Number of protein chains: 2
Amino acid sequence: MKTKQVLNNSLIAKEPVSADNFTVGVSVDCVIFGFEACKLKVLLIKSDMPSYKDRWSLLGDIVKPGEDIDEAVSRIVKNRTGLNDVYMEQVRTFGKVNRHPEGRVITIAYCSLINIRHNELKIYDNELHWHDVNEIKEMAFDHKEILDACYYWLQYRMQEHPLGLRLLGTEFSLRDLQLLYENILDEKMDRRNFRKKFFSMGLLIDTGILESNVPHRPGKLYRFDYEKYGSMKRKKWLGIDF
Amino acid sequence: MKTKQVLNNSLIAKEPVSADNFTVGVSVDCVIFGFEACKLKVLLIKSDMPSYKDRWSLLGDIVKPGEDIDEAVSRIVKNRTGLNDVYMEQVRTFGKVNRHPEGRVITIAYCSLINIRHNELKIYDNELHWHDVNEIKEMAFDHKEILDACYYWLQYRMQEHPLGLRLLGTEFSLRDLQLLYENILDEKMDRRNFRKKFFSMGLLIDTGILESNVPHRPGKLYRFDYEKYGSMKRKKWLGIDF
DNA sequence: ACAAAAGTGTTCAACGTACACCCATGC
DNA sequence: GCATGGGTGTACGTTGAACACTTTTGT
């Protein structure tokens, strides 16, 4: 008879180990980034694994037999945030033999970027919270390692591709954008050069609207031209999707 | 009773599908690149799956329960080429539901770079051959897609990191190096600028030896300073290992 | 009027690109 | 001596980095 074991807040079918039974579990783990109050945040849930009691873990689940990997990620993101069509990208697969205490589980890590204000978290339902990425020390499983890899990936990737915009609302000031870059990359940037660089891409649409409720001269609000970007990204920025 | 099915020239344990049995197979597939006669080559084997009779496939195998993913890759590379300590890097995981005709198999693709002259292929043993990457049309499973992803990955990656050198012997002329880059990236380069760029890295060691048996002025042979590179790569070239 | 951030241009250094001639060897 | 590729330097354009003042709004 088969036994069920809890895997990262979900269920994985496990079988007694035998020479004939090469079962290896496959899961996905989603590193969902957000940005708020000048901090990069990641969405985590309390682990309910006994061996990782009170540790935080990424949002993950097993991949179902009839489900594509991307579908599994979409399902998890949808379940936890209420959002469809979220930007996501595969980052790396982690599979150390002992990474999961209940058996051999290989996990495919994905990175997602969402706007914190646009979600509908069911925080009451699970112990689901946004955490400052820079203040996370320990996590369940090897999730700290996965988070670090995704953070590093994000830092690298957003220097060549305008990914970071997905963390902002549809309308944003150049100040918002620069603060985002400065905080995620952890370096001060020159305002004039930053503006020049972004404008030179020709992908910012001036909405004509100004900020309001700021105690100083209001800045213009822009939108990102995703349509134009979609048609040009393979030229200027190499559309690397590996 | 469990049944065994051939998976990509090896064995995977499969079980009758039931609600309790969420078995998903996990394999690795190795894209082993070589370079010879000014062509980028990839090492392929004849598929012995009935549904892919006579198609070529990548070198792959299931990941064993007690084996790390990297170990599985090393094992496969060692088995097929006789080489230890080969350069390899994880590229991407492929897991479409129907990518394997015998069941759900998720595969983690790795890219390896070896020197064709330094291997000990057991070509008699299996139908194992080097193929011109640019002449491959159809392959078994989704292996063409995997190969394309790895080829693209290689092209992109070798523009920022001196990866290509792994495809050459320990001693090489700048001409060899330039032909390698020109052929893999499919673009002509200026000889003077190419030399300048490589020398400016400070990673080429002049062996003092000259080419022989060339019908023209012989060029100098160089070695790559892997030691120096190992200690500096996180500075100049960002040691991205995602 | 003052504080606070928006908005704007120029200069310089580094880097990549284009390009042409002499040199060493094998035949 | 001729063919073949080895080896070298300079000029130009582009790009990224450094840097300061005026403008607009809220208080």
Side-chain angles (χ1 to χ4, degrees), chain A residues 37-38 155-162 164 168-169 171-183 185-223 232 235-238, chain B residues 37-38 155-156 158-162 164 168-169 171-183 185-224 232 235-238:
Chain A
C38 283
Q155 289 182 318
Y156 181 73
R157 198 97 159 83
M158 71 189 279
Q159 293 185 54
E160 310 223 316
H161 305 258
L168 297 175
E171 290 169 1
F172 49 87
S173 67
L174 273 175
R175 162 155 238 258
D176 296 331
L177 193 55
Q178 184 171 348
L179 285 171
L180 180 92
Y181 270 78
E182 288 185 341
N183 281 282
L185 298 178
D186 192 30
E187 57 178 288
K188 283 270 167 229
M189 297 177 183
D190 181 86
R191 193 156 44 95
R192 285 160 292 190
N193 293 334
F194 185 84
R195 298 169 74 88
K196 229 182 307 174
K197 185 172 161 185
F198 261 90
F199 285 135
S200 73
M201 293 178 188
L203 292 171
L204 295 183
I205 302 169
D206 186 341
T207 63
I209 307 169
L210 295 180
E211 290 179 302
S212 52
N213 300 324
V214 287
H216 53 78
R217 174 175 175 178
K220 286 184 182 175
L221 295 179
Y222 296 87
R223 275 185 295 116
M232 74 185 280
K235 295 165 202 159
K236 188 159 188 174
W237 282 304
L238 297 167
Chain B
C38 283
Q155 288 183 318
Y156 182 73
M158 71 188 277
Q159 293 184 54
E160 309 223 319
H161 305 260
L168 297 175
E171 290 169 0
F172 50 86
S173 67
L174 273 175
R175 163 155 237 257
D176 296 331
L177 194 54
Q178 185 171 347
L179 285 170
L180 180 93
Y181 271 78
E182 288 186 341
N183 281 282
L185 298 177
D186 192 30
E187 57 178 287
K188 282 271 166 228
M189 298 177 182
D190 180 87
R191 193 156 45 97
R192 283 159 294 190
N193 294 334
F194 185 85
R195 297 168 75 88
K196 229 183 307 176
K197 186 172 162 186
F198 261 89
F199 285 135
S200 75
M201 294 177 185
L203 292 172
L204 295 183
I205 302 170
D206 186 341
T207 62
I209 307 170
L210 296 180
E211 287 179 303
S212 50
N213 299 324
V214 288
H216 54 78
R217 175 175 174 178
K220 286 184 182 175
L221 295 179
Y222 296 88
R223 274 183 298 114
F224 185 71
M232 74 184 280
K235 296 166 200 158
K236 186 157 191 178
W237 283 305
L238 297 165

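Model, not experiment: these values are computed from the prediction. Below, chain A is the first sequence line, B the second, and so on; all start at residue 1.
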Can you tell me the distance, in whole Å, between the CE atom of B/Met189 and the P atom of C/dC19?
17 Å
Checking B/Glu171 now: which residues fulfil side-chain hydrogen bond (donor to acceptor under 3.5 Å, both in side chains) with it, not counting sequence neighbours?
none
Once side-chain hydrogen bond (donor to acceptor under 3.5 Å, both in side chains) is applied, what residue pairs with a partner in residues 203-218 of chain A remain, sequence neighbours excluded?
A/Asp206-A/Lys220
Got a donor-acceptor contact below 3.5 angstrom from the A/Asp176 side chain to the A/Phe172 backbone?
no
Between B/Tyr181 and B/Phe198, does the side chain to side chain contact (heavy atoms under 4.5 Å, CB included) criterion hold? Intermediate values first, please.
CA-CA 12 Å; B/Tyr181 271 78; B/Phe198 261 89; 3.7 Å; yes
A/Leu210 CG to C/dG7 C1', in whole Å, measures 12 Å
List in chain and number order the residues that pass salt bridge (Lys or Arg N to Asp or Glu O under 4.0 Å) with A/Arg191, two or more places apart in sequence or in another chain; answer none if no residue qualifies.
none
Going by side-chain hydrogen bond (donor to acceptor under 3.5 Å, both in side chains), name the residues that satisfy it together with A/Lys197, two or more places apart in sequence or in a different chain.
none
For the backbone of B/Gln155 and the side chain of B/Gln159, can you confirm whether one donor and one acceptor N or O come within less than 3.5 Å of each other?
yes
State whether the side chain of A/Gln178 and the backbone N or O of A/Phe194 hold a donor-acceptor pair below 3.5 Å, judged by distance alone.
no
N/O to N/O distances under 3.5 Å, protein versus nucleotides 2-6 of chain C:
residue: C/dA6; atom: N3; partner: A/Arg217; partner atom: NH1; Å: 3.4

Find the distance A/Lys197:NZ to C/dT8:P and express it as a whole number of Å.
19 Å
Whole angstroms only, please: what is the OH-P distance between B/Tyr181 and C/dG16?
14 Å
Which nucleotide of DNA chain D is the first, and which the last, in the 5' to 3' direction, to come under 4.0 Å of a heavy atom belonging to chain A?
D/dA17 to D/dG26
Mind calculating the distance between CZ (A/Arg192) and C1' (C/dT11) to the nearest angstrom?
12 Å
Measure the distance from CZ on B/Phe194 to C1' on C/dC15 and round it to the nearest whole Å.
17 Å
